[in-house]
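To keep things clear, I will list the structure first and then write my remarks on it.
Indexing begins at 1, ligand by ligand and atom by atom, following the structure's order. Keep in mind that what you see is a predicted model, and the values were worked out from it rather than measured.
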Amino acid sequence: MEKINASIDFDRRLYAQDIAGSKAHCRMLMRQGIVSRKDGQAILRGLDRVRAQIEAGRFEFRTSLEDIHMNVEARLAELIGSAAGRLHTARSRNDQIATDFRLWVRDAIDGLDHQMRDLQAALIDQADRNAATIMPGFTHLQVAQPVTFGHHMLAYVEMVGRDRSRLADCRARLNESPLGAAALAGTSFRIDRQMTARELGFDRPMANSLDAVSDRDYALEFLSALSISAVHLSRLAEEIVLWTSAQFGFVRLSDAYTTGSSIMPQKRNPDAAEIVRGKAGRVIGALLALLNMLKGLPLTYGKDMQEDKEPTFDAADTLSLSLAAMTGMVRDMAPNKAALRAAAAVGFATATDLADWIVRRIGLPFRQAHHIVGSLVKLAERDGRALSDLSLREMREVEPRITKAVYNVLTVERSVASRTSYGGTAPDNVRRQAKAARKRYL
Ligand code: ARG
């Protein structure tokens, strides 16, 4: 029973939040005249000592005391005697754990937000340096149109920006205090829930005591936001794995983020990226574990809910590590400009530019221009040439109104420079967007 029931092995991690909640509760009990000044002062001082002992590693956590709440209270009693027993007036472990866990998730959000900002800074720096670095843009992993490496980096800045705003939404909704809901029904003591909410930095007390002890929406939202972020990191990780392969050769990672093989001396494996890609599964798993644990749970508290902690801690740790590794890799990676440019020029990447030129200069409808370019691509493809290798005569056999000015739009440089629509890939746009992103996010 002790082994399956005890949570101290993992909820000891909540000690700081638990003690902060207890101090706020104690101060409120004193102010309301429920606990005397003398006992209250002893409790507050005792809680500070417990905290100091835990932080100094001089606290022996006991499984027989089940959880963090009882471990702290038992030590408090050892330190200050029977007054310790007054702390648990007008409260229960049910509102206590709900408070502790909310505070922990709130702190975790603040830490992760900071790390996401660091990742954005690394991406924006790469974007600035590579605003004019041409690379192939892909759809279906087939070369589509030339884009810039900076533009590609800024796409991830936007994704991480949404991840941060999802966390901010979650934080705003979770920031209500369950403390004072007691076991489930509220309490007959004349407590002041506004005061404890304020002291702990919550916006207000939760309105319904049953909801206060049974709600874990905030953990679900937190893990949903983390899952989406992990998926974003996994997509970037996958690109890094592709880009560092010999077949792509788009970027190079230094020895700091690659490993060698024990048998093949030439290998530079992108292990960090692969692990980030793999770890997304763990974070998603945590979300699914909590959704499944909560579904079908009747109000209010059920011990099933103790199972919310380990997956949540693990998901937060996992994402934190993934963010750190990804930020390091983004700062480390060096794009191979020649390889990127060469890859952008294959696969008829400027075919759309040619069609656009025909629309603009000859005045044909886009669909018809599309058809003409299709014929030209087929012609070039037949003997392995690029569009710019076709002679003017060959082009005119397909569409007589084409002039030699067409060659201007067939280079990848012209192609990206022309994409000046808002949010487009033109180097000037990228520089402007990088500046705007710096202002908005950093
Ligand atoms: N360890 C419990 C949890 O994590 C704390 C609340 C226990 N409440 C109770 N009535 N046993 O959910």
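- In this structure, Phe149 has its ring center closer than 6.0 angstrom to the ring center of Trp243.
- Side-chain contact between Lys279 and Leu319 is absent, with no heavy-atom pair separated by less than 4.5 Å.
- The CD atom of Gln433 sits 5.0 Å away from atom OH of Tyr422, with the distance rounded to the nearest 0.5 Å.
- Contact record, Thr187 with Ile191: CG2-CD1, 3.5 Å, taken as the closest heavy-atom pair.
- One distance of note links CG of Leu14 with CD of Gln96; it measures 10.5 Å at 0.5 Å rounding.
- One distance of note links OG1 of Thr133 with CE of Met153; it measures 10.5 Å at 0.5 Å rounding.
- Contact shell of ligand 1 (protein heavy atoms, cutoff 4.0 Å): Ser7, Asp11, Asp67, His69, Arg93, Asn94, Ile97, Tyr301, Lys303, Gln306, Lys309.
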